[in-house]
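Please read these numbers as outputs of a predicted model, since none were measured by experiment. The first residue of the sequence shown is numbered 1, and numbering continues consecutively from there.
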Amino acid sequence: MELQISMIPSPEDPPWRSDDYQSELRKLGLALRGDGLEIQEVGSHAARSGEMSPLSGEWRVKLGASLEPILKAPVGSWLEARRGRTARLRIGEIEADVRNAEELARVIKIAKCYQNVTENES
């Protein structure tokens with residue numbers, strides 16, 4: 001089962017395509033990969049030749065035992081860096097918006113329970 005995480009900017013964030021905002025998304029993606037997480041970008045947009053393509057701020061991650069501690073620090077830091085930021089998590093039929101690291105941890109725990117139930121029903 002996969003978790004899709006979408007970073008939703010604050011109204012106070014710079015524009016989505018701005019260098020500042022894209023830099024924050026790149027740092028978040030690098031932090032997630034640096035912790036050994038295998039993530040897949042979702043919805044990146046095409047760029048002109050020689051330019052870096054802008055990140056959508058959406059990733060897919062396999063739902064595993066160690067996901068919560070790996071996501072909690074970098075995603076929590078991104079959320080807390082600017083008031084009003086949200087991360088939307090989609091796992092199977094579950095979708096939830098979280099605003100801090102504690103909410104993120106709770107949703108991932110619920111998703112693991114959901115995954116266990118659906119695997120046992122198969």
Side-chain angles (χ1 to χ4, degrees):
M1 187 166 284
E2 287 185 333
L3 161 79
Q4 183 168 332
I5 184 166
S6 305
M7 309 316 289
I8 302 170
S10 161
E12 298 173 4
D13 269 310
W16 167 75
R17 281 185 161 284
S18 72
D19 290 342
D20 289 340
Y21 189 71
Q22 286 294 309
S23 175
E24 288 190 50
L25 291 178
R26 288 187 201 293
K27 286 178 188 173
L28 177 57
L30 289 172
L32 294 172
R33 284 184 179 93
D35 285 334
L37 197 59
E38 291 185 34
I39 62 174
Q40 176 185 15
E41 267 178 55
V42 176
S44 290
H45 302 275
R48 290 181 232 145
S49 179
E51 291 182 2
M52 293 182 86
S53 60
L55 298 176
S56 66
E58 294 184 39
W59 293 279
R60 283 194 188 119
V61 183
K62 290 278 185 204
L63 194 59
S66 62
L67 187 59
E68 183 253 325
I70 292 173
L71 285 178
K72 191 174 179 179
V75 173
S77 294
W78 185 88
L79 290 168
E80 293 168 10
R82 196 172 306 261
R83 186 178 48 128
R85 285 184 172 174
T86 306
R88 179 165 294 140
L89 307 176
R90 283 182 217 103
I91 307 146
E93 308 262 332
I94 297 171
E95 184 172 312
D97 288 353
V98 299
R99 296 186 186 341
N100 58 52
E102 290 71 33
E103 289 177 1
L104 174 76
R106 280 191 297 249
V107 170
I108 290 173
K109 287 176 185 171
I110 292 168
K112 286 180 187 175
C113 291
Y114 173 80
Q115 179 183 21
N116 291 338
V117 168
T118 57
E119 285 176 355
N120 289 336
E121 289 178 351
S122 302

Should we count CD of Glu12 as having more than 12 external heavy atoms under 6.0 Å? yes
Spacing of CE belonging to Met7 relative to CH2 belonging to Trp59, to within rounding of 0.5 Å: 6.5 Å
Is the backbone N or O of Pro9 less than 3.5 Å from a side-chain atom of Asp13, with the two atoms forming a donor-acceptor pair by type? no
I'd like to know whether CZ of Arg26 has more than 12 heavy-atom contacts from other residues, nucleotides or ligands below 6.0 angstrom. yes
Would you confirm whether Trp78, through its side chain, and Ala87, through its main-chain N or O, come within 3.5 Å as a donor-acceptor pair? no
How far does CD of Glu95 sit from CD of Gln4, to the nearest 0.5 angstrom? 9.0 Å
Is the shortest heavy-atom distance from the side chain of Leu104 to the side chain of Asn100 under 4.5 Å? no
Reported OG1-to-CD distance for the pair Thr86 and Glu103, which is rounded to 0.5 angstrom: 9.0 Å
Validation row: Glu38, Val61 side chains within 4.5 angstrom (heavy atoms): no
State yes or no: do Ile108 and Ile39 share one hydrophobic cluster built from I, L, V, M, F, W and Y residues joined by side-chain heavy-atom distances below 4.5 Å, directly or via other members? yes
For Gly76 versus Ala101, what's the shortest heavy-atom pair and its separation? CA-CB, 4.0 Å
List the atom of Ala96, the atom of Val107, and the distance in Å for their closest heavy-atom pair. CB-CG2, 3.9 Å
To the nearest 0.5 Å, how far apart are CD1 in Ile8 and CZ in Arg99? 8.0 Å
Shared ILVMFWY cluster between Leu25 and Leu30, side chains joined below 4.5 angstrom? no
Test log, rule side-chain contact (heavy atoms from CB on, under 4.5 Å), inputs Glu58 and Ile5: CA-CA 6 Å; Glu58 294 184 39; Ile5 184 166; over 6 Å; no
Please evaluate residues Glu2 and Ile91 with respect to the criterion side-chain contact (heavy atoms from CB on, under 4.5 Å), reporting the C-alpha separation (whole Å), side-chain torsions for both, the decisive distance (0.1 Å), and the verdict. CA-CA 6 Å; Glu2 287 185 333; Ile91 307 146; over 6 Å; no
Of the non-hydrogen atoms in Pro15 and Tyr21, which two are nearest, and what is the gap between them? O-CB, 3.5 Å
How long is the straight-line distance from CD of Glu121 back to CG of Asn116, given to the nearest 0.5 Å? 11.5 Å
Over all heavy atoms of both residues, which pair between Ala111 and Ile94 is shortest? Give the atoms and the distance, please. CA-CD1, 4.2 Å
Short side-chain to backbone donor-acceptor contact, Gln22 and Ser18, under 3.5 Å: no
Between the side chains of Arg85 and Ser10, does any donor sit under 3.5 Å from an acceptor? no
Do other residues, nucleotides or ligands put more than 12 heavy atoms under 6.0 Å from Asp97 CG? yes
When rounded to the nearest 0.5 angstrom, what distance separates CD in Glu102 from CG in Leu79? 10.5 Å
